[in-house]
S.K.: 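Below: one structure in structure tokens.
Quick note: numbers below take in every heavy atom, side chains included, and nothing from hydrogens, waters or symmetry partners. Below, read A as the first sequence line, B as the second, and so on, with proteins coming before strands; counting in each chain starts at 1.
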Amino acid sequence: MREKIVLIDGHSILNRAFYGLPDLTNAEGLHTNAIYGFLNILFKILDEENPQYLTVTFDVHAPTFRHEMYEQYKGTRKPMAEELRQQVPVIKEVLQAMQIATIEQAGLEADDLLGTISVDCEAKGLDVSIISGDRDTLQLATEHVKIRIPKTKQGKTEIEDYYASDVLEKYGVTPEEFIDVKALMGDTSDNIPGVPGIGEKTATKIIQEYKNIENAHEHAGELKPPRAGKNLAEYWEQAKLSKVLATINTHAEIAFDLEAAKHGNIFTKEAYEYFQRLQFKNLLGRFDVEASANEVEKYFKEVTDKKAIDAIFEKACQADIVGAAISKDAGNVLPLFSHPSGYGRIALAFGKEQIYSIPCDMHTDMEYLFSRLSEVAAHAGLFVMCDIKRYLALLPGIVRERCFDAVIAAYLLNPLKNDYTYEDIAREQLHLMIDENIEESTKACYEAYTCLKAVEPMSKKLKNTGMYRLFEEIEMPLLFTLYDMERAGIKVEAEELKMYGSRLGEQIVRLEREIYEMAGEEFNINSPKQLGVILFDKLKMPHAKKTKTGYSTAADVLDKLAPDFPIVAKILEYRQLAKLKSTYADGLANFIGKDGRIHGTFNQTITATGRISSTEPNLQNIPVRMELGRLIRKVFVPEEGFVFVDADYSQIELRILAHCSGDAQLIQAYREAKDIHRMTASQVFHTPFEKVTDLQRRNAKAVNFGIVYGISSFGLSQDLSITRKEAAKYIEHYFETYPGVKVFLDDTVNQAKEKGYVSTLFGRRRPVPELKSSNFMQRSFGERVAMNAPIQGTAADIIKVAMIGVDRELKRRKLKSRLILQVHDELLIEAEKGELAQVKEILAEQMEKAADLKVPLIVDMHTGQSWYEAK
DNA sequence: GCCTTCACG
DNA sequence: ACGTACGTGAAGGCG
């Protein structure tokens with residue numbers, strides 16, 4: 001059995017991984033996609049090959065001989081993207097930690113290293129596998145040297161293998177001849193000029209016949225097509241240069257030590273720590289977890305004895321901190337004992353050696369476990385869980401002053417993540433890796449233990465980042481308010497909703513027929529692809545925009561076509577109705593509960609800015625702008641004897657901008673209760689306040705919005721259908737009018753670039769890793785985010801404070817009225833009719849005093865017998 | 001599962 | 001030159 005060496009072309013594989021994978025970033029803001037992709041390929045290769053030797057080659061960033069020759073001749077290479085560059089030293093460290101040999105030598109390209117080592121090792125009787133993304137290396141293939149080229153296809157890595165015979169089969173030439181083919185055809189990515197007018201096809205034919213360029217040159221007169229021969233003669237010097245450039249040096253002077261390349265244990269403790277830091281969760285599974293077998297597991301106990309269980313609860317009640325978890329699986333419990341909630345087990349941890357998992361069974365039903373756990377929550381010094389809101393109905397003993405939600409804390413520490421699992425929290429806060437393949441009982445123990453132990457590091461981090469008060473005084477209390485809102489729900493007239501839906505249905509059928517008639521055929525109007533074919537191919541309409549996949553048929557494109565093509569107007573109408581029916585009429589009907597109310601979910605750990613989001617259904621995007629859609633709000637009604645009070649902040653984001661920027665003009669305008677859009681129009685368009693036209697005011701309003709979004713002339717020009725130049729002029733005039741705003745926005749972006757994050761007035765942070773990007777688009781996005789997040793986030797903070805205040809005051813006065821919805825700058829209260837005056841007073845007071853700004857916070861309020869009326 | 005579109009602030 | 005407004009969630013189409 002021959003021994004084997006695997007040689008990896010480090011830069012080439014990194015490069016491939018970098019461009020083949022979406023951008024990934026770890027908690028430190030370090031880009032990791034290239035490293036991740038590299039390691040995936042590495043592991044795949046090692047699994048397949050199981051080699052005795054392994055070496056990774058790297059280029060050194062000094063100019064190399066072969067390229068120096070060319071760069072004198074023509075230009076230089078593109079610089080490496082910053083996101084990739086920063087990953088190069090890291091992968092080298094990671095490889096070192098994995099005890100994998102690397103080699104780099106000034107003056108030599110990776111290809112030359114690969115070639116030289118490959119020839120050397122083959123001579124020593126080894127099999128060689130070269131892993132590279134670069135087809136150049138195909139010239140190195142022999143009977144014992146295999147070139148392996150990884151390809152990313154639909155997320156999966158497939159590897160193409162080439163021995164010498166495979167090169168011949170696929171390219172029609174031997175590996176050696178492959179050099180000459182390349183010399184003729186050239187390679188722009190490798191800066192090989194080649195011969196003009198000769199591409200892959202011609203080059204291959206010529207070399208198949210004449211074997212090398214020298215011979216072909218001698219027979220230049222006979223080449224086909226004649227033009228190729230003529231060019232080869234004319235560009236002979238360039239062809240010779242290209243051959244030199246294309247030839248990999250297989251006899252370079254290098255210090256390669258085969259013994260040092262011996263492949264040993266790569267799963268070292270150091271490597272493990274790197275993988276943790278880089279947050280490569282699924283790669284961590286490859287490490288022998290038994291070895292590091294989280295010592296804590298030996299204290300996990302599953303308890304079923306009733307007396308023992310009771311003793312545990314007693315002790316937990318006395319503890320300073322208790323971590324708890326509730327899980328679905330109850331092990332072998334009979335269905336007879338299962339709980340309507342679906343839960344079958346609890347776990348609790350209150351000391352290093354007190355970690356218990358308790359399933360329900362015939363002696364101990366779930367009801368009992370919940371009630372005892374609830375007692376623990378009521379008595380323990382601090383009760384810690386993940387996603388407390390989810391369990392509040394089961395654990396009424398939880399007290400808001402003495403509980404800690406680890407998920408909410410994790411969200412504040414990094415609001416950019418998609419989810420906040422206890423596994424992530426354990427890894428990030430406790431450096432504890434949890435195997436995915438463990439029993440439910442063990443899992444529950446881990447979760448409870450994580451909750452117990454993560455409190456300290458998380459509290460410390462929240463304090464260090466200035467977010468502890470935000471956590472304790474806003475986010476934690478808010479969870480209880482959101483829970484009450486969800487439980488209250490909102491009453492919906494099911495019959496009315498159904499009728500609204502069928503009316504839409506009739507109209508949709510009518511429009512469908514008309515559209516098919518006008519198009520001359522039937523097609524799926526809901527398919528942008530089919531619609532694009534009809535409009536732009538069949539009916540030859542001018543196509544203004546394209547998406548990645550084809551023509552854009554978005555509303556703003558169709559709007560421009562509608563005046564000229566009647567069918568487009570019909571399609572827009574169809575779209576509007578189809579949306580109303582599917583998402584709202586039919587969609588909402590599915591969520592009406594047995595009590596005639598919709599109980600949606602308010603999510604507290606989703607948005608990057610601190611806003612709340614609403615799902616199942618989304619009650620924050622019920623139509624309002626168009627009358628037809630707005631009618632849906634008539635089915636949202638208060639209960640008998642109640643009335644809706646809807647209160648919304650007037651221009652809260654612009655007021656926050658006024659406060660934060662300290663701009664004198666803007667502040668004065670708000671203090672004097674001026675019409676801000678009219679005033680902006682007057683200044684930006686140099687028109688007396690009284691003479692501002694409606695159009696001017698509309699445009700000024702768009703500018704004001706744009707400022708909050710992180711203004712760009714392009715964005716504004718799109719919104720207003722004006723040229724970029726005009727938009728730029730508006731912006732310039734805006735900044736002349738409100739110079740404080742300009743200074744504020746510039747400062748905010750600069751500080752964000754320095755610190756890597758922006759903050760709200762209440763201390764909430766949003767990291768902005770995009771600002772470090774070398775990509776113009778990404779960086780610009782980062783700048784807009786830096787301008788927008790403090791404003792949107794502060795508004796989110798303020799209304800959260802108001803919600804807590806309103807909720808607290810309603811309860812303190814023991815009113816029947818209750819808060820039921822939040823729509824970012826708006827609160828909806830279902831008010832008992834006799835309490836109306838009090839409710840209005842509470843709303844106004846709590847909302848207005850939620851923050852003390854340099855400008856007043858103004859609240860508009862309406863009442864009505866439906867959401868339609870109250871808005 | 002991703003893309004496109006569209007509803008809201 | 002790059003090709004965008006900020007923040008969300010749901011539905012339908014398509015591979």
S.K.: Are A:Lys772 and A:Glu754 within salt-bridge range, i.e. N to O under 4.0 Å?
M.R.: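 No, no charged N to carboxylate O under 4.0 Å.
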
S.K.: Taking atom P in both C:dG3 and B:dC8, what distance in whole Å separates the two?
M.R.: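 Looking at atom P only, C:dG3 and B:dC8 are 30 Å apart.
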
S.K.: I want to verify a distance call: between C:dA10, B:dG9, C:dG9, whose nearest atom is closest to the A:Val823 side chain?
M.R.: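 Out of C:dA10, B:dG9, C:dG9, the nucleotide with an atom closest to A:Val823's side chain is B:dG9.
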
S.K.: Assess whether one donor atom and one acceptor atom, taken from the side chain of A:Arg625 and the base of B:dG9, lie less than 3.5 Å apart.
M.R.: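 Present.
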
S.K.: It should be established whether A:Thr549 places a side-chain nitrogen or oxygen under 4.0 Å from OP1 or OP2 of nucleotide B:dT4.
M.R.: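 Indeed, a polar side-chain atom of A:Thr549 lies that close.
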
S.K.: Check A:Lys871 with A:Glu826, please: is the shortest side-chain N to carboxylate O separation under 4.0 Å?
M.R.: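 The answer is yes: the pair qualifies as a salt bridge.
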
S.K.: Between A:Arg724 and A:Phe714, is NZ or CZ placed under 6.0 angstrom from the six-membered ring centre and within 45° of the ring axis?
M.R.: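 So A:Arg724 doesn't make the cation-pi contact.
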
S.K.: Under 4.0 Å between any heavy atoms, over every strand shown, what does A:Asp648 touch: base, sugar-phosphate, or nothing? Just pick one.
M.R.: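 Touches nothing.
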
S.K.: For B:dT4, which nucleotide is its Watson-Crick or G-U wobble mate, given both distances must be under 3.5 Å?
M.R.: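 With both distances under 3.5 Å, B:dT4 matches C:dA11.
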
S.K.: Salt bridge or not for A:Lys753 and A:Glu783, using N-O below 4.0 Å?
M.R.: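 Counted as a salt bridge, because a side-chain N and a carboxylate O are separated by less than 4.0 Å.
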
S.K.: Report yes or no: does A:Arg633 contribute a side-chain atom to a donor-acceptor pair with the main-chain N or O of A:Pro623 at less than 3.5 Å?
M.R.: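 Flag set: sc A:Arg633 to bb A:Pro623 pair under 3.5 Å.
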
S.K.: Indicate, with a heavy-atom threshold strictly under 4.0 Å, whether A:Asn618 touches base, sugar-phosphate, or nothing.
M.R.: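 The answer is sugar-phosphate, as A:Asn618 gets under 4.0 Å only of primed atoms, P, OP1 or OP2.
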
S.K.: Please classify the nucleic acid contact of A:Ala608 as base, sugar-phosphate, or nothing, using heavy-atom distances under 4.0 Å.
M.R.: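 Contact class for A:Ala608: sugar-phosphate only.
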
S.K.: Checking all strands, does A:Gln792 fall into the base, sugar-phosphate, or nothing category for heavy-atom contacts under 4.0 angstrom?
M.R.: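 Base contact.
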
S.K.: Rounded to whole Å, how long is the line connecting atom CG of A:Leu619 with atom C1' of C:dA10?
M.R.: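 Distance, rounded to whole Å: 12 Å.
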
S.K.: According to a strict under-4.0 Å criterion, is A:Thr583 in side-chain N/O contact with OP1 or OP2 of B:dC6?
M.R.: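 Answer is no, no contact under 4.0 Å.
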
S.K.: For A:His824 and B:dA7, give me the distance from atom NE2 to atom P, rounded to whole Å.
M.R.: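 In whole Å, B:dA7 P lies 16 Å from A:His824 NE2.
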
S.K.: Pull out every residue in residues 775-789 of chain A that has a heavy atom closer than 4.0 Å to any atom of DNA chain C, ordered by number, or say none.
M.R.: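 Under 4.0 Å from DNA chain C: A:Phe776, A:Met777, A:Phe781, A:Arg784, A:Val785, A:Asn788.
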
S.K.: Suppose you measure atom P in B:dT5 against the same atom in C:dT4; what distance do you get, rounded to whole Å?
M.R.: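 Per the computed distance, 13 Å lies between those P atoms.
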
S.K.: C:dG7 C1' sits how many Å from A:Tyr709 OH, rounded?
M.R.: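 Those two atoms, OH and C1', are 8 Å apart.
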
S.K.: Please report, rounded to the nearest Å, how far the P atom of B:dA7 is from the CD atom of A:Gln576.
M.R.: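 Distance, rounded to whole Å: 6 Å.
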
S.K.: B:dC6 C1' sits how many Å from A:Tyr574 OH, rounded?
M.R.: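 The answer, rounded to whole Å, is 14 Å.
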
S.K.: Hey, is the side chain of A:Ser527 poking within less than 4.0 Å of OP1 or OP2 on C:dC14, counting only N and O atoms?
M.R.: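 So the side chain of A:Ser527 is within the cut-off, an N or O lying under 4.0 Å from OP1 or OP2 of C:dC14.
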
S.K.: Can you name the side-chain hydrogen bond (donor to acceptor under 3.5 Å, both in side chains) partners of A:Tyr500, sequence neighbours left out?
M.R.: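 Counting only residues at least two positions away or on another chain, A:Tyr500 forms no side-chain hydrogen bond (donor to acceptor under 3.5 Å, both in side chains).
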
S.K.: Enumerate the residue pairs fulfilling side chain to side chain donor-acceptor pair (under 3.5 Å) with a member in residues 564-575 of chain A, sequence neighbours excluded, ordered by first and then second residue.
M.R.: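 For residues 564-575 of chain A: A:Glu514-A:Lys570, A:Asn526-A:Tyr574, A:Thr553-A:Arg575.
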
S.K.: For A:Leu716, report the nucleic acid contact type (base, sugar-phosphate, nothing); a contact means any heavy atom under 4.0 Å.
M.R.: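 If one applies the 4.0 Å heavy-atom cut-off, A:Leu716 turns out to touch a base.
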
S.K.: Could you state the atom-to-atom distance from OH of A:Tyr551 to C1' of B:dT5 in whole Å?
M.R.: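 Going from A:Tyr551 (OH) to B:dT5 (C1'), I get 19 Å.
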
S.K.: Measure from the side chain of A:Val624, starting at C-beta and using heavy atoms only, and say which of B:dC8, B:dA7, B:dT5 lies closest.
M.R.: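 Of all the options, the side chain of A:Val624 is nearest to B:dC8.
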
